[in-house]
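Quick caveat: nothing in here was measured; it's all calculated off a predicted structure.
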There are 2 protein chains.
Amino acid sequence: MPDDLPHPSRAEIRIEAVLHALADPMRLHMVRELARLDTSVACGSIDLPISKSTRTHHLRTLREAGVITVVPAGTTRMTTLRRADLDALFPGLLNGILAAER
Amino acid sequence: MPDDLPHPSRAEIRIEAVLHALADPMRLHMVRELARLDTSVACGSIDLPISKSTRTHHLRTLREAGVITVVPAGTTRMTTLRRADLDALFPGLLNGILAAER
DNA sequence: GTCGTACTACGATGACTGTCGTACAACACC
DNA sequence: GGTGTTGTACGACAGTCATCGTAGTACGAC
C-alpha cells in the first residue's frame, strides 16, 4: 500500500502543529465530519464554502500536522482521521474537541 | 471579589479560540506550568524568553479565550487555569494536551 | 486520442499576530 | 513625597496564513 504523500510518523507528530491545524474553523469542520463518518472519505466530499485551492491548502495542513492520512486512489484521494495515533499521543484530546457543542 | 478584567463566561468559551490560544508554544508553556503548579500564580513568575509586553499579549489572549483567569492583586495579578470550565466543556482535552511529552 | 473530473502548484494579496521598545499607571515600601 | 516593582497601552514591524484565481497534471471513460 504505497503512500505517495509525506506524512509524519506517530513519533513525529507535534502537539503545537496539531493544535494549530485544529484551530481553524474550516479544518475543524473537516475533522468533525471525518470523525462523524468514521471511514475514509473522498477529499472533495466534505462540502465547505471555500474554493478548491483553499481546500487543498487545508488538507495539506492537516496532513502535515499528522491529523489525517491522505492516500491517492484514482482521480481522487481518500482521507482518514488518524484517530489511533492522536488518541495514543494525546489521550482525550480528540474526544474533548468533538464534545464541544457545534 | 470584583473582577476587573473581562473574561468570557463558561458558555461563551469557543473551542476554536481555545485551540488557537493553545497553539502557540509560549502560551502552551504557560498553560503547562499553570497546570503543573495547580494554584494561582503571579503573572510574571513563569519565566519565558520574551519581553514583558509580549507576555502581557499572551496572557490577554489566554484570558480572552477563556483558558485562564486573571485577577489583580496589589501590584501583581494572579493567574489561574480554568480547569473546571475547560474540563466541563471539552472533557479530556486538557489532559490530552498535557499528556504530550514536552 | 479526446473529454471531463479531481486535485495540485504557483503567485498574489490582505489580514492577522508574535515580537519588541517606549511610555505610562498602579501599588508597596522607604 | 520618592523610588522601585509589576504590569498595561500603544505603535511599529516582520513573518505567517487563509483566501483566491489561473494554469497545469493525473486519471477514468468514451
To the nearest 0.5 angstrom, please state how far the [atom1] atom of [X] sits from the [atom2] atom of [Y].
X      : Y      : atom1 : atom2 : value
L59(A) : T79(A) : CG    : OG1   : 5.5 Å
T54(A) : L48(A) : OG1   : CG    : 10.0 Å
T69(B) : L62(B) : OG1   : CG    : 11.0 Å
L5(A)  : R60(A) : CG    : CZ    : 10.0 Å
H20(B) : H20(A) : NE2   : NE2   : 7.5 Å

When the distance from [atom1] of [X] to [atom2] of [N] is rounded to whole Å, what number comes out?
X      : N       : atom1 : atom2 : result
L5(A)  : dA6(C)  : CG    : C1'   : 14 Å
H58(B) : dC16(C) : NE2   : P     : 18 Å
L48(B) : dG18(C) : CG    : P     : 14 Å
R60(A) : dT8(C)  : CZ    : P     : 9 Å
M26(B) : dT17(C) : CE    : C1'   : 14 Å
M30(B) : dG18(C) : CE    : C1'   : 11 Å

Search all heavy atoms of A65(B) against all heavy atoms of V18(B) and return the closest pair with its distance.
-> O-CG2, 3.7 Å
R77(B) vs dA26(C): side-chain N/O to OP1/OP2 distance below 4.0 Å = no
Can you tell me if the side-chain N/O atoms of R27(B) get under 4.0 Å from OP1 or OP2 in dG18(C)?
-> yes
Output every pair passing side-chain hydrogen bond (donor to acceptor under 3.5 Å, both in side chains) with a member in residues 80-91 of chain B, not counting sequence neighbours, ordered by first then second residue.
-> R10(B)-D85(B), S40(B)-T80(B), R82(B)-D85(B)
Start at the 5' end of DNA chain D and walk down; is the nucleotide closest to T61(A) or to T75(A) reached first?
-> T61(A)
Name the residue closer to the 5' end of DNA chain D, choosing between G74(A) and L59(B) according to the nucleotide with the nearest heavy atom.
-> L59(B)
Can you name the residues that form a side-chain contact (heavy atoms from CB on, under 4.5 Å) with R14(B), not counting sequence neighbours?
-> E16(B), A17(B)
Indicate yes or no for a side-chain donor-acceptor contact from R63(A) to the backbone of P6(A) under 3.5 Å, with no hydrogens or angles considered.
-> yes
R27(B) side chain vs A21(B) backbone, donor-acceptor pair below 3.5 Å | yes
Output every pair passing salt bridge (Lys or Arg N to Asp or Glu O under 4.0 Å) with a member in residues 35-45 of chain A, not counting sequence neighbours, ordered by first then second residue.
-> E33(A)-R36(A)
Now, which nucleotide makes the Watson-Crick or G-U wobble pair with dC10(D), with each of the two distances under 3.5 Å?
-> dG21(C)
Numerically ordered, the residues 38-45 of chain B set in heavy-atom contact under 4.0 Å with DNA chain D is C43(B), G44(B)
Are any protein N/O atoms closer than 3.5 Å to N/O atoms in nucleotides 20-22 of chain C? If there are, list each pair with its distance.
residue	atom	partner	partner atom	Å
dC20(C)	OP2	S51(B)	N	2.8
dC20(C)	OP2	S51(B)	OG	3.4
dC20(C)	OP2	T54(B)	OG1	3.1
dG21(C)	N7	S53(B)	OG	3.1
dG21(C)	O6	S53(B)	OG	3.0

Mind checking which nucleotides bracket the chain A contacts on DNA chain D, 5' to 3', with an atom under 4.0 Å from a heavy atom?
-> dC17(D) to dG28(D)
